[in-house]
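Each chain gets a letter, A, B and so on, in the order the sequences are listed, and its residues count up from 1. Any value given below was found using the heavy atoms of this structure, including those in side chains, with hydrogens, waters and symmetry copies removed.
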Amino acid sequence: MVSKAPPCSAAATAVSSTVRQGRFGVLGGILKKGYSPGTVTYTALIKGLCLVDRVGDAAKLFKKMRRLGCRPNIITYGTLINGLCRTGNTGLALQLHQEMVNGNGGLDSKFKPNLVWYSTIIDGLCKEGMVDKAKELFLEMKGSGISPDVVVYSSLISGLSYYDDGWEEAKGLFIEMLDGGICPNVVTFNGLMNALCKVGRTQEANRLLELMIQRGVKPNLFTYNTLMDGYCMQGRLDDARELFFSMGNKGHERDVVSYNVLINGYSKSGRVEEGMKFYRHLIREGFKPTIYTYNTLLTGLFKERKVEDAWKIYDEIQANGVKPNSITCNIFVNGLCKNDCLLEALEFIKALGNTGFAPTIEFFNCILDGLCKAGNVDTAKELFYKLPEKGFVPTVVTYSTIIHGLCKEGKLEKANDLFLEMEEKGCAPNVVTFNTLLRGFCQNNEALKVVEFLRKMSEREVSPDAHTFSIVVDLLTKDEKYSEYLNLLPTFSAQGQTNDPSDELLRGTESVSMSIYIAKLPSQDVGTWARMHDMDIRLNISSHSKEYEMIAVDKNKRAEAARMVLFWASEVNQEYVIVKADYQVLVNCSFSASVTSVEGTGGGYGYADHLGGICDDVFVGLSALLLFLCSFLVLVSSLPFSCVSARGKQEERSNDWRNHRYYNQSWSGIQNSKV
DNA sequence: GGAAGATCGA
């Protein structure tokens with residue numbers, strides 16, 4: 001069917017004005033009267049549907065108009081692309097964009113998108129974390145002769161905060177726009193500050209604040225909330241608090257987000273009581289709490305095992321008319337399971353059924369984990385096998401959870417069987433699955449099994465992570481025969497390794513050293529961790545694995561941080577004795593931090609001397625690890641740090657190592673022991 | 001004319 005001439009503009013106007021009110025019956029009326037809608041009418045309808053968030057229907061209508069031979073114009077494309085981007089369907093928007101540029105295989109006319117549409121898609125892509133795609137489009141746009149403006153730059157700069165190292169690129173873009181004569185505005189500054197704060201570079205963010213004031217750009221509420229969150233993430237709660245109270249003086253009243261940020265800071269640092277105080281303050285001041293407020297508080301409460309208080313908060317959510325979301329439900333199910341309130345968790349899920357909330361496989365993963373943690377791995381297995389009947393497809397997480405439960409109870413053979421079963425069913429094991437099994441076998445001193453699974457891992461091209469290394473280190477250091485195992489360790493395939501090997505090596509060694517002492521810390525001692533905020537240490541407590549992960553944000557403070565943590569640990573927990581592995585960590589940290597004056601004797605060397613007295617071959621163990629890392633990277637032929645020295649800024653450090661007597665001594669030891 | 005920024009879990 002070919003469309004007739006467009007209907008009279010009066011009809012299109014009627015459609016346009018009524019769709020805005022969401023009255024779509026008008027279209028039916030027009031069709032019944034024998035009018036055939038044209039592009040303008042369709043576009044108006046699509047716009048109306050987008051306005052009331054019925055983007056799916058808008059897309060259907062778009063398809064229909066094309067099927068009926070009515071050609072979309074540039075405004076039709078623009079309207080739909082806008083709607084799709086706004087509702088998190090940027091992938092589809094991108095497809096449309098490409099059709100629009102290429103002319104849909106000759107079916108439709110080609111159009112040249114303008115600045116604002118590029119800006120819309122780039123922003124949408126950034127919001128959905130597809131920053132690489134956004135960068136591609138950015139180049140495409142520049143290639144077609146459109147100069148990006150401050151909005152496009154700002155979108156990209158804030159999008160880059162998705163990546164840990166995004167701040168460097170964000171900074172580059174910032175400089176690029178300055179060079180191009182485009183003035184950054186408050187949004188641009190906020191975006192860059194956020195990228196810096198996300199990785200703990202609050203000092204630089206502060207300098208940026210000064211710069212913006214200098215340039216006459218007035219900071220706003222977003223600026224201060226961003227900075228405050230940066231402080232919180234570093235555990236610098238006192239600074240965050242100070243900023244919170246000083247905001248009023250700077251002419252920016254606090255908003256509910258300011259409260260949320262601070263409450264989140266306290267919750268994450270194991271000081272939920274203080275978070276609660278700010279929550280009460282918020283209510284007293286007449287702010288309306290949001291679901292963020294509650295989710296944050298609940299996370300903190302469950303983390304500190306305050307299940308009763310969590311239920312009280314749940315009542316307050318209802319009382320204050322705030323709508324819980326899927327995150328709230330997840331926090332509850334997870335929190336209850338983790339706090340051994342399995343029955344309550346089941347009740348909770350049952351209650352969710354009445355609210356129309358549909359549990360997902362992730363919910364069952366929580367339940368299964370809860371069952372396993374409570375030592376009911378058999379019940380968990382029963383539930384696990386019932387899931388497919390109910391239409392839930394077990395994921396790699398589901399399998400890994402059960403495998404974890406089995407390993408925990410020493411049922412390693414059954415764990416091994418389930419591994420085979422998951423592969424049979426076509427579910428690919430990931431690094432967590434392997435780590436779980438490896439840990440199980442390590443704890444049982446089954447070195448041959450460890451080697452077998454490392455080999456499987458390499459065959460399936462699953463890249464090991466810091467935990468894998470830490471598990472292997474554990475085996476290497478606790479067993480005298482580590483050099484024998486070392487010869488058995490497979491050489492990992494270089495395929496699938498896209499990262500810069502020297503980067504990987506550095507990350508690997510640093511994470512390993514962290515993991516070692518983390519494993520030795522008293523795991524329930526939240527108070528100790530709270531005292532770390534002066535040290536610029538970002539704390540990430542993973543409730544799932546009940547292990548602590550920490551990153552000293554400032555590399556130069558790592559060694560100091562490690563020392564402090566170890567001594568706190570021995571101070572708080574009388575049973576805690578500093579062992580040789582701890583010294584190893586200190587030495588390793590000192591070197592990796594290039595700190596030269598810890599404990600007076602000169603950084604890592606000082607600890608190395610202590611270490612020498614305790615155990616001469618500790619460095620042999622350390623080098624064994626390095627060698628393992630290197631063989632994994634197929635760098636066996638070169639010295640461990642020769643690849644590192646390729647990076648100019650690490651030159652000094654690698655020399656430190658190579659000249660060090662322990663290092664040389666142990667290196668020759670390893671060379672001899674290698675067949 | 002339109003487009004951009006901060007807080008929650010796993």
Next item on the list: Would you indicate what A:I331 reaches in the nucleic acid, counting non-hydrogen atoms under 4.0 angstrom: base, sugar-phosphate, or nothing?
Entry: sugar-phosphate
Next item on the list: Using atom CG of A:L208 as one end and atom P of B:dG5 as the other, report the distance to the nearest whole Å.
Entry: 18 Å
Notebook entry, point to check: Between B:dA4, B:dA6, B:dT7, which one does the side chain of A:K198 approach most closely?
Noted result: B:dT7
Checklist line | Distance flag, aromatic centroids of A:Y259 and A:Y279, threshold under 6.0 Å | finding: no
Next item on the list: Check the distance between B:dT7's P and A:K288's NZ and give it to me in whole angstrom.
Entry: 21 Å
Note to self: Tell me the interatomic distance from A:K127, atom NZ, to B:dA3, atom P, rounded to whole angstroms.
What the structure shows: 11 Å
Item checked: Ion pair check, A:D309 and A:K306, cut-off under 4.0 Å -> no
Notebook entry, point to check: Is the A:F348 ring parallel, tilted or perpendicular to the A:F332 ring (thresholds 30°, 60°)?
Noted result: parallel
Notebook entry, point to check: B:dA3 base to A:T120 side chain: any donor-acceptor pair below 3.5 Å?
Noted result: no
Next item on the list: Would you mind telling me which of B:dA6, B:dC8, B:dG5 lies closest to the side-chain atoms of A:D123?
Entry: B:dG5
Next item on the list: Calculate the interatomic distance between A:L301 atom CG and B:dC8 atom C1'; express it in whole Å.
Entry: 13 Å
Check: Of the candidate nucleotides B:dA4, B:dT7, B:dC8, which contains the atom at the shortest distance from the side chain of A:N325?
Finding: B:dC8
Notebook entry, point to check: With a 4.0 Å cut-off on heavy atoms, is A:D149 in touch with a base, just the backbone sugar-phosphate, or nothing at all?
Noted result: base
Check: Can you find an N or O donor on one side and an acceptor on the other, under 3.5 Å apart, linking the side chain of A:N82 with the base of B:dG2?
Finding: no
Check: Atom CE of A:M228 to atom C1' of B:dC8: distance rounded to whole Å?
Finding: 15 Å
Next item on the list: Scan A:V261 against the nucleic acid and name what it touches under 4.0 Å (heavy atoms): base, sugar-phosphate only, or nothing.
Entry: sugar-phosphate
Note to self: If you only use heavy atoms from C-beta on, which nucleotide in B:dA6, B:dG2, B:dA4 is closest to the side chain of A:S154?
What the structure shows: B:dA4
Note to self: Between A:Y42 and A:F62, is the ring centroid distance below 6.0 Å?
What the structure shows: no
Note to self: A:F189 and ring-ring contact (aromatic ring centres under 6.0 Å, His included): which single residue from A:F222, A:Y153, A:Y224, A:F174 fits?
What the structure shows: A:F174
Notebook entry, point to check: Counting side-chain heavy atoms from CB outward, which of B:dC8, B:dG2, B:dA6 is closest to A:T296?
Noted result: B:dC8
Item checked: Distance in angstrom units between A:L297 CG and B:dT7 C1', rounded -> 12 Å
Next item on the list: Just compare B:dC8, B:dG5, B:dA4 and give me whichever is closest to any side-chain atom of A:N264.
Entry: B:dC8
Checklist line | Length of the CD1-P vector between A:I46 and B:dG2, whole Å | finding: 21 Å
Item checked: Side chain of A:N114 (C-beta onward), nearest among B:dG5, B:dG2, B:dA3 -> B:dG2
Item checked: A:F287 ring center near A:H281 ring center (under 6.0 Å) -> no
Check: Which whole-number value in Å describes the distance from A:D229 CG to B:dG5 P?
Finding: 16 Å
Note to self: Looking only at the side chain of A:V116 (C-beta and beyond, no hydrogens), which of the listed nucleotides B:dG5, B:dG2, B:dA4 gets closest?
What the structure shows: B:dG2
Next item on the list: Could you work out which one of B:dA10, B:dG5, B:dT7 sits closest to the side chain of A:N260?
Entry: B:dT7
Item checked: Which nucleotide in B:dA4, B:dC8, B:dA6 has an atom nearest any side-chain atom of A:N194 -> B:dA6
Notebook entry, point to check: Checking all strands, does A:V152 fall into the base, sugar-phosphate, or nothing category for heavy-atom contacts under 4.0 angstrom?
Noted result: nothing
